Amino acid sequence: MSDHTKAANAASLTVGAARLHRRHLLQAFAAVSAGAAFGLRSPAVLAQTKKFDGVTLRGACFQHVFHENVKAYLPEFEAATGMKVEIDLQAFPVYNQRMDLELSTQGSSYDFINITFPYSGRWVGAGWVSPLNEFMDDRNQTPEDWNPDDFVSGTQTPYKGVDGNTYGFAWEAGAMMMGMARYDILEKAGLKIPETLDELAAVCAATHGQDGVSAFVNDKLHHWNFPPYLMNMGGKVFRGAPDDLMPTLDTPEAAKAAQYYADLLSKYSPQGVLSFTDDQAMRNQFEGRANIRTNAMAWVLPLAKSPDSKVKETTRFGMIPSGPGGSFPGSNANGYGIPVGAQQKEAAWAFIQWATSKETFRRIALERGGLAVPRRSIIDDPEYRAALNINGQDVAALYLQILERAGDGGYMKYRTVPVFPQVGDKINKAIERIATGQQEAAASMAAAQSEAVDDLRKAGVKL
């Protein structure tokens, strides 16, 4: 019998003896479930956790549906621990700017925070967030079956310090894949899912405009969308991140990759694509006006899952096509951490442990559709697999493959170094110049290289 079942049975006996109303029974069961998710094993142990009575825990994160899902289950956690949890949700750019300042001054406004993926190198490297190992290793605070090793390796890379300590745990795992809204157009043309960059170019050329559908679409965040094409073509963003931060945007491989990606946008995408947000790109696919997009699973999975999608039956998924340099699909992860200035670290760990537990992730995935989970045990769960068996494709296997490839290869380190935002801005502008015909690819990427090097030297980075 599992620990969770034992706890539930114990709660049932206690409630039955007291002849509680059915509603109270359900509330008691929910509290035990929440407690079991972070190691509270029985009603007796639950009573001991009332040391958090009167504690108000404050956290801050950028706006994301995952946090709304967590808030839906918070009453259970609060009932199990006695604490109250407040989560301050802010717009993505606002949150990152404010949190960077808060952490740099070792402020104590928040007990837990989101460690944003592109900022993880800066925040962890500067010592602004607390190591979690003392909590993880303490069996009185963390049960063995919580199992930190259950997190897929690629999702934890940003939260590992050079000292070997762990500074955060992922609540989201982003895996970049190819989503096709109108695979039926490829089938009619006798074409298959493209596996190489040459095949993708051929598919776009052969199908663009068929049934009034653009062959490709993406959003304007080129510094996220373009690097996989750069690396697949044999190029790099930096010469050897995180140790050697000399940008390498002026190589022949970089120019070739930039021209390739700019052609996808300028030749095969809907009009106005260079100003598209994530949602606009997705809506074009929902309506069947655009076919292929390469982006995180969170943006392409709705093609098959959203009630707004008109292309559920014709949606297919695949790996981002490989090139002469190999296959490097993008992967990211956002995670919870504890600021060094936090005053309630033990309570904060109790929350993080519960929010990233197997039980909480499983409920969010299966009850609320939050499928971008970082835990392997959930990805391997038969019910999760069934939810991601789409039009005969095992999308869960594809998702796991991408996360593991990024973790094993370590190639996403370019995105977590503190100087990436400056270089990413130069990539955005370079792709726009090429796609609009303002500048040839080689010249535009050389300009991006020169501007990036100047910015980094002004910032004191040794190149």
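Everything numeric in this text was worked out from a predicted model, so none of it was measured. What you see below is based on every heavy atom in this structure, not just the backbone, and it leaves out hydrogens, waters and symmetry mates.
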Quiz item: Using the benzene-type ring in the case of Trp, are the ring centres of Y159 and F169 under 6.0 Å apart?
Solution: no

Quiz item: Which distance, rounded to the nearest 0.5 Å, do you find between the CZ of R375 and the CH2 of W146?
Solution: 5.5 Å

Self-check item: Student check: side-chain heavy atoms of P270 and R289 closer than 4.5 Å
Solution: no

Quiz prompt | side chain to side chain donor-acceptor pair (under 3.5 Å) pairs, two or more places apart, involving residues 111-127 | solution = N96-T116, D100-R122, D100-W123, D111-Q344, N114-T116, N114-W171

Quiz item: Are the side chains of K462 and L245 in touch, meaning some heavy atoms are under 4.5 Å apart?
Solution: no

Quiz item: Among Q438, R433, Q439, which one satisfies side-chain hydrogen bond (donor to acceptor under 3.5 Å, both in side chains) with T436?
Solution: Q438

Exercise. Sort out for me which residue in Y336, Y73, Y110 forms a ring-ring contact (aromatic ring centres under 6.0 Å, His included) with F351.
Key: Y336

Exercise. Decide yes or no for F238 and D244: does some side-chain heavy atom of the first lie under 4.5 Å from some side-chain heavy atom of the second?
Key: no

Quiz item: Who pairs with Y268 by ring pair (Phe, Tyr, Trp, His ring centres under 6.0 Å), at least two apart in sequence or on another chain?
Solution: H208

Quiz item: So, are R283 and D279 salt-bridged, with charged N and O less than 4.0 Å apart?
Solution: yes

Quiz prompt | Non-hydrogen side-chain atoms of Y260 and L200 separated by less than 4.5 Å | solution = yes

Practice problem: State, yes or no, whether a side-chain contact exists between L456 and V423 at a heavy-atom distance under 4.5 Å. | Solution: yes

Practice problem: Evaluate the side-chain proximity of D219 to W299: yes if any heavy-atom separation is below 4.5 Å, no if none is. | Solution: no

Quiz item: Are any of the side-chain heavy atoms of T207 and I292 separated by less than 4.5 Å?
Solution: no

Quiz item: Salt bridge check: are K345 and E134 linked by an N-O gap of less than 4.0 Å?
Solution: no

Quiz item: K160: what forms a salt bridge (charged side-chain N to carboxylate O under 4.0 Å, His left out) with it, not counting sequence neighbours?
Solution: none

Quiz item: Given R293, which of M178, M282, M180 fulfils the side-chain contact (heavy atoms from CB on, under 4.5 Å) condition?
Solution: M282

Quiz item: Got a sec: does the CD of Q97 have more than 12 other heavy atoms crowding it under 6.0 Å?
Solution: no

Quiz item: With distance as the sole test, does S269 use its side chain to make a donor-acceptor pair with the main-chain N or O of S214 at under 3.5 Å?
Solution: no

Quiz item: Within a strict 4.5 Å, meaning less than it, do heavy atoms of the F361 and S377 side chains meet?
Solution: no

Quiz item: Below 4.0 angstrom, N of the basic side chain to O of the carboxylate: do E68 and R368 qualify?
Solution: no

